[in-house]
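Worksheet: one structure, shown below.
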Amino acid sequence: MASVTYDHVVKRYTADVTVVKDFNVEIKDKEFMVLVGPSGCGKSTALRMLAGLEAISEGRILIGDRVVNNVAAKDRDIAMVFQSYALYPHMSVYDNMAFPLQMQRMKKPEIDKRVRNASRILGLDNFLKRKPRALSGGQRQRVALGRAIVRSPKVFLLDEPLSNLDAKLRGQTRVELQKLHRDLQTTFIYVTHDQVEAMTMGDRIAIMNGGILQQVGTPGEIYDHPANLFVAGFIGTPTMNFVPASVSNGGSAKASGFEVKLPKAVSAEKGTLGFRPEAVTDRVSDGSPTMDMKVDVVERLGSDQFLYGTVGGDQVTARVDPRMNVSPGDRVKLGLDTRGLHFFDSESELALV
């Protein structure tokens with residue numbers, strides 16, 4: 001088992017193209033760390049540099065106390081699971097899982113022991129004689145995981161491993177991966193563009209954008225205390241509401257359709273007020289801020305109901321009681337829970353509240 005450290009890591013393809021910029025993250029031993037961000041943000045490149053599949057332009061990467069910049073990929077004691085599974089079609093499930101151990105010239109009894117242990121963990125005992133073409137997408141993904149497990153690596157690297165699965169299977173496999181991490185007690189580093197996967201699976205999350213690390217924290221820390229406007233908008237479904245606002249007396253933010261007292265004073269004169277849909281509700285209490293919404297769209301999801309509409313010209317999303325009777329075109333009065341307010345600087349986009 002091992003920790004992983006990115007120490008001022010840079011990946012530059014040309015003088016004008018830098019895809020990872022001064023990347024600094026310390027991943028603890030046995031931690032499940034998720035690298036998340038939009039397509040092209042540099043997260044897969046960061047993972048590939050750790051795997052030894054991409055050269056490092058500047059900085060250091062350490063696995064445990066060992067600097068691995070110039071260590072060959074096969075000697076880093078890591079295992080990588082790809083989005084494409086990369087199974088050998090002519091080999092059985094057993095042989096696909098055994099292959100990396102055969103390349104290490106391991107003895108047959110030990111290979112058999114490791115393969116059967118991995119198949120038991122992943123529920124593949126009944127599929128060992130099948131070829132990949134006779135398996136479902138979820139089963140193929142488990143074989144790819146099994147091929148990594150048999151190597152007993154210090155670190156597991158997973159590059160968007162669920163993106164080829166349908167929605168239901170993705171949900172099931174997310175749960176399986178969390179159980180697997182708990183059973184193996186090994187460091188997992190997982191790359192995804194799906195913020196739901198990041199929030200549900202990671203012990204901590206590292207959010208990237210444009211090759212730059214935006215914030216690192218637990219899912220709760222990221223959700224409740226986003227460092228900047230990008231993080232606030234990227235994490236959360238539906239996304240956080242953002243409305244332009246001016247500040248008076250340092251502590252009162254006025255938007256086009258309502259005014260609210262900020263939890264603490266700010267020095268900025270204007271900026272962006274942020275609040276999540278669950279902070280806008282059909283419950284209106286005395287003394288709390290209110291807003292009048294013209295409803296454009298109603299989404300009923302069984303246990304939830306979301307209203308999309310305009311408040312004083314700004315687009316706002318509200319999460320209301322699913323039993324609330326409302327239709328597009330209605331005007332409704334909504335309350336705002338000020339405990340979930342955020343305020344972002346208009347120039348730096350950093351969170352001030």
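Here the structure is a predicted model, which is why all the values come from computation and not from measurement.
- Within the model, atoms CG of L184 and CD1 of I121 stand 5.5 Å from one another, a figure rounded to the nearest 0.5 Å.
- Counted by atom type alone, N117 and R120 present one or more donor-acceptor pairs between their side chains at under 3.5 Å.
- Side-chain contact check for D321 and Q305: no donor-acceptor pair (N or O, by modelled atom type) lies under 3.5 Å.
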- Item | CA sep, side-chain torsions, deciding dist, call: D166, K168, salt bridge (Lys or Arg N to Asp or Glu O under 4.0 Å) | CA-CA 6 Å; D166 61 50; K168 181 179 180 180; over 6 Å; no
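- No side-chain N or O of Y190 forms a donor-acceptor pair with one of E160 less than 3.5 Å apart.
- Side-chain atoms of I189 and E31, non-hydrogen and from C-beta on, never get closer than 4.5 Å to each other.
- Residues forming a ring pair (Phe, Tyr, Trp, His ring centres under 6.0 Å) with F99 (at least two apart in sequence, or on another chain): Y88.
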- Message: Using salt bridge (Lys or Arg N to Asp or Glu O under 4.0 Å), reason through E58 and R12 one step at a time and then give a plain yes or no.
- Response: CA-CA 8 Å; E58 293 179 24; R12 188 182 298 109; 2.9 Å; yes
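- One distance of note links OG1 of T200 with CD of Q195; it measures 9.5 Å at 0.5 Å rounding.
- Shown here are the side-chain hydrogen bond (donor to acceptor under 3.5 Å, both in side chains) partners of R283, two or more places apart in sequence or in another chain: there are none.
- Residue L301 shares its hydrophobic cluster (ILVMFWY side chains chained together at separations under 4.5 Å) with V297, F306, Y308.
- Using cut-offs of 30° and 60° on the angle between ring planes, the pair F188 and F156 is tilted.
- Checking S44 against D159 by side-chain atom types alone, a donor-acceptor pair falls below 3.5 Å.
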